[in-house]
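Have a look at the structure below before the remarks.
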Amino acid sequence: MKKIVLTGGGTAGHVTPNIALLPKLKENGFEISYIGSYTGMEKQLIEEQGIPYYGISSGKLRRYFDIKNFSDPFKVLKGFGQAVGLLRKLKPDVVFSKGGFVSVPVVLAARFLHIPAIIHESDLTPGLANKIAIPAAYKVCCNFPETIPYLPEGKAVLSGSPIRQELLTGNRLSALTLCNFTAEKPVILAVGGSSGSKVLNNALRAVLPKLLKNYQVIHLCGKGNLDASLGSTTGYAQFEYAKSELRDMFALADIVISRAGANSICELLALRKPNILIPLSANASRGDQILNARSFEKQGFSYVLEEENLTSDTLLDAIKQVETNKQVYIDAMAKSKQLDSIDTVIGLINEAAASKSKK
Ligand SMILES: CC(=O)N[C@H]1[C@@H](OP(=O)(O)OP(=O)(O)OC[C@H]2O[C@@H](n3ccc(=O)[nH]c3=O)[C@H](O)[C@@H]2O)O[C@H](CO)[C@@H](O)[C@@H]1O
């Protein structure tokens, strides 16, 4: 039997594309294992899928000064030793990494043991973890054509992002019931990425009384961010994180307000959901979400509102604009040639596994 080890974690954006690959990997006869961190979001998300999960020590790699910069390299080194041990035991034909800090020692260990590793970079520019791992990779998949110049020649493959196919099969009625909403009023779904966004949460809650006059609002606000004082507000339903019910919420949503994480925006495109993107500011990140969002704006898929310009007025105006031009956005998204990412990635995985068995 062919064997694969998947890795990636930190936030759900480094896990959901791996989950999207599971059905086809099984269909292709792969025995699947997962290496992630001891306690990251990936642990629960993967264990729920019934995939054997192995935790290793993981440290954050930072570009800025932090006292932990002195202890974390040791954690990464320990993680490398553990990854070598696990890969020796699991004997995969191929490793697939969706990035995030925990994936670095796994990809380096694969290289050390001559196991081909495929990396997926979803953002427009490679993150630090992938930058370190790319030289050790067999191939690097990417989501945006603009990413190719950042990748070594001969390694880059434009694959798009694997999207969980069940998201395309949501049921509006289930979401209406779950949220206790009426079918008479349109619905806005607001998502602050997989960890929630305080900026988006505050901006949304500030305009809630005005919004609720015309809309109902589903708010995915992130762990620890529920506002108990809004618990019984009619037409407002808040959740920390949506699991299988996310597909129904997407089906019900008329407009989505979202952070501009690479996977989130690809899902919105696949679902043809008129959307407002509020990318994570360059002060709090390397600015990758701004590039993701601008690329979508340029293609006519999204209305972009930068965090620095986010006020109650600009948010309400953005919603009005998207409502008015809804069909223009839907038509642009319908015309996009979104790549068949799952098949491309599975093709590469099969090729890499075959190259290993020839050695
Ligand atoms: C703060 C941070 O580091 N953000 C990064 C992180 O974002 P983040 O982890 O938010 O990643 P994405 O937006 O790419 O993906 C989020 C995933 O979580 C899912 N989801 C979200 C909310 C929910 O309630 N339920 C649910 O299932 C979405 O459907 C999606 O599949 O990884 C992305 C992909 O590398 C980057 O572009 C982001 O810049």
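None of these values were measured; they are calculated from a predicted model. Below, each value reflects all heavy atoms present in this structure, side chains not excepted, and no hydrogens, waters or symmetry copies. We count ligands from 1, going down the list as the structure has it; atoms in each ligand are counted the same way.
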SB check Glu267 Arg247 (cutoff 4.0 Å): no

Exercise for the section: Compute whether any side-chain donor of one residue and acceptor of the other, for Arg205 and Gln238, lie under 3.5 angstrom apart. Expected result: yes

Next on the checklist: What I want to find out is whether Lys131 reaches Glu121 closely enough, with some N-O distance under 4.0 Å, to be called a salt bridge.
Outcome noted: no

Report each N/O pair between ligand 1 and the protein that falls under 3.5 Å, naming both atoms.
from     : atom 1 : to     : atom 2 : distance (Å)
ligand 1 : 9 (O)  : Thr11  : OG1    : 2.6
ligand 1 : 9 (O)  : Gly13  : N      : 2.9
ligand 1 : 9 (O)  : Ser194 : OG     : 2.6
ligand 1 : 10 (O) : Ser194 : N      : 2.9
ligand 1 : 10 (O) : Ser194 : OG     : 3.3
ligand 1 : 13 (O) : Ser264 : OG     : 2.6
ligand 1 : 14 (O) : Ala262 : N      : 3.3
ligand 1 : 14 (O) : Asn263 : N      : 2.8
ligand 1 : 14 (O) : Asn263 : ND2    : 2.9
ligand 1 : 24 (O) : Ala242 : N      : 2.7
ligand 1 : 25 (N) : Ala242 : O      : 2.8
ligand 1 : 27 (O) : Arg164 : NH2    : 3.4
ligand 1 : 27 (O) : Tyr241 : OH     : 3.1
ligand 1 : 27 (O) : Ala242 : O      : 3.4
ligand 1 : 29 (O) : Arg164 : NH2    : 2.9
ligand 1 : 29 (O) : Glu267 : OE1    : 2.6
ligand 1 : 29 (O) : Glu267 : OE2    : 3.3
ligand 1 : 31 (O) : Thr16  : OG1    : 2.8
ligand 1 : 31 (O) : Arg164 : NH2    : 3.3
ligand 1 : 31 (O) : Glu267 : OE2    : 2.6
ligand 1 : 35 (O) : Asp123 : OD2    : 3.0
ligand 1 : 37 (O) : Asp123 : OD1    : 2.5
ligand 1 : 37 (O) : Asp123 : OD2    : 3.4
ligand 1 : 37 (O) : Ala262 : N      : 3.1
ligand 1 : 39 (O) : Asp288 : OD2    : 3.1
ligand 1 : 39 (O) : Gln289 : NE2    : 3.0

Contacts of Lys43 meeting side-chain hydrogen bond (donor to acceptor under 3.5 Å, both in side chains) (sequence neighbours excluded), chain-then-number -> Glu47

Are the side chain of Glu48 and the backbone N or O of Ile46 linked by a donor-acceptor pair below 3.5 Å? no

Check your understanding: Do the rings of Phe80 and Phe112 sit parallel, tilted or perpendicular, given the 30° and 60° boundaries?
Key -> perpendicular

